[in-house]
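Before any comments, here is the structure.
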Amino acid sequence: AGQVRQSGATRVGVVGPHASYNALKAVIIAGKYMKENLQGKNLAVVPVKTEIAGGEGEQLSETVGLMLHVRPLPEVPEPPQQPEIFSAWNTNVGLMAGLMAQVLKSGDVVTVGGMGAPAISSALKATIIAQGYMAESLGNSNELAVVPSMNEFQENGEQRMRMLLSCTRAVRV
């Protein structure tokens, strides 16, 4: 929250599903903490695939991670109680990306919901792939961003929590 308040944006590097999930939870908390400062905007995340090289003299090999670019976006509509797309740990991210791109052709926002780190990691990967599918319609001036939120719902008489990612077009900065 401090870095966004000071410079208007920040980046968070993550490797693995749990780090991605925890970073998005931190963005949700920061957004609530900064509500007055955001003045009707939401904190959004633009996920970007990034190569992470092992350090010199270390036995680490190259790996792939995500760089989460966090910045305020104009407020997106309140997410629906039921997401349009459900993500799970074993969801085919290419198919999910295609569905996201299809919904975004005719609408401004598509909401993806998932429970747990692997499901949300799949949704972030699908967002990156969907951006590739939509490259022509997005052009050089737009990109896909997600606004994370938590959603409490009832299933089989139990209160449960899931994360919602409202995916929308954003002006590239």
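Keep in mind that this is a model prediction, so the values were computed, not measured.
Remark: side-chain polar atoms of Ser7 are paired, donor with acceptor, to backbone N or O of Gln3 under 3.5 angstrom. Checking side-chain atoms of Arg169 against main-chain N and O of Ala145 turns up no donor-acceptor pair under 3.5 Å. Side-chain atoms of Asn42 come within 3.5 Å of backbone N or O of Val76 as a donor-acceptor pair. When atom types are taken as modelled, the side chain of Arg172 and the backbone of Asn140 share a donor-acceptor pair closer than 3.5 angstrom. Judged by distance alone, the side chain of Gln131 and the main-chain N or O of Glu143 form no donor-acceptor pair under 3.5 Å. In this structure, the side chain of Glu84 does not engage the main chain of Val110 through any donor-acceptor pair within 3.5 Å.
The minimum heavy-atom distance linking Pro83 with Gly113 is given by the pair CB-N, 3.5 Å. Minimum heavy-atom separation, Met100 to Ala130: CB-CB, 4.2 Å. Annotation for Leu164 and Pro80: closest pair CD1-O, 3.8 Å, computed over non-hydrogen atoms. In this structure, Pro72 and Lys41 approach most closely via the heavy-atom pair CB-CD, 4.0 Å. Scanning all heavy atoms of the two residues, the minimum distance from Ala23 to Val14 falls at CB-CG1, 3.9 Å. Smallest separation of non-hydrogen atoms from Ser122 and Trp89: OG-O, 3.9 Å.
Taking 4.0 Å as the cut-off between side-chain N and carboxylate O, Glu136 and Lys105 do not count as a salt-bridged pair.
Between atom NZ of residue Lys25 and atom NE2 of residue His18 there is a gap of 10.5 Å, rounded to the nearest 0.5 Å. Lys125 NZ to Thr127 OG1: the interatomic distance, rounded to the nearest 0.5 Å, is 12.0 Å. In this structure, NE2 on His69 lies 9.5 Å from CZ on Arg71, to the nearest 0.5 angstrom. Note that CG of Leu68 is 10.5 Å distant from OG1 of Thr50, once rounded to the nearest 0.5 Å. Annotation: the span from Leu144 atom CG to Thr168 atom OG1 amounts to 8.0 Å, rounded to 0.5 Å. In this structure, OG on Ser149 lies 10.0 Å from CZ on Arg162, to the nearest 0.5 angstrom.
In this structure the side chain of Leu43 reaches within 4.5 angstrom of the side chain of Val70, judged on heavy atoms. Residues Leu124 and Leu24 meet the side-chain proximity criterion, which asks for heavy atoms closer than 4.5 Å. Under the 4.5 Å side-chain criterion, counting only non-hydrogen atoms from C-beta, Thr111 is not in contact with Ile85. Side-chain contact check for Val93 versus Ile129: some heavy-atom pair is nearer than 4.5 Å. Proximity of Ser87 to Val112: side-chain heavy atoms (C-beta onward) are separated by under 4.5 Å at one or more points. Looking at Ile28 and Met150, their side chains come closer than 4.5 Å, going by heavy atoms from C-beta outward. Between Gln159 and Glu152, the closest side-chain pair of non-hydrogen atoms falls below 4.5 Å. Here the side chains of Leu66 and Ser20 are in contact, with some heavy-atom distance below 4.5 Å.
Tyr21 and Val12 fall within the same hydrophobic cluster, where Ile, Leu, Val, Met, Phe, Trp and Tyr residues are linked whenever their side-chain heavy atoms come under 4.5 Å apart, directly or through other members. Following chains of ILVMFWY side-chain contacts shorter than 4.5 Å, one cannot reach Val46 starting from Ile128, and the two form parts of different hydrophobic clusters. No single ILVMFWY cluster, assembled from side-chain heavy atoms under 4.5 Å apart, contains both Met161 and Met115. Placement of Val45 and Ile120 within a single hydrophobic cluster is found when ILVMFWY residues are connected by side-chain heavy-atom separations under 4.5 Å, directly or transitively. Note on Tyr33 and Val4: same hydrophobic cluster, where clusters join Ile, Leu, Val, Met, Phe, Trp and Tyr whose side-chain heavy atoms are under 4.5 Å apart, directly or indirectly.
Within a 6.0 Å radius of CD in Glu75, more than 12 heavy atoms belonging to other residues, nucleotides or ligands are found. Counting heavy atoms of neighbouring residues, nucleotides and ligands inside a 6.0 Å radius, atom CG of Asp108 does not exceed 12 of them. Summarising the local packing, CZ of Arg5 is surrounded by more than 12 heavy atoms from other residues, nucleotides or ligands at distances under 6.0 Å.
Every residue two or more places apart in sequence or in another chain that forms a salt bridge (charged side-chain N to carboxylate O under 4.0 Å, His left out) with Glu155 is listed here: Arg160.
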Under the criterion side-chain contact (heavy atoms from CB on, under 4.5 Å), I'd like the reasoning laid out for Glu158 against Phe153: C-alpha separation, chi angles, the key distance, then a yes or no. CA-CA 8 Å; Glu158 286 184 47; Phe153 67 101; over 6 Å; no
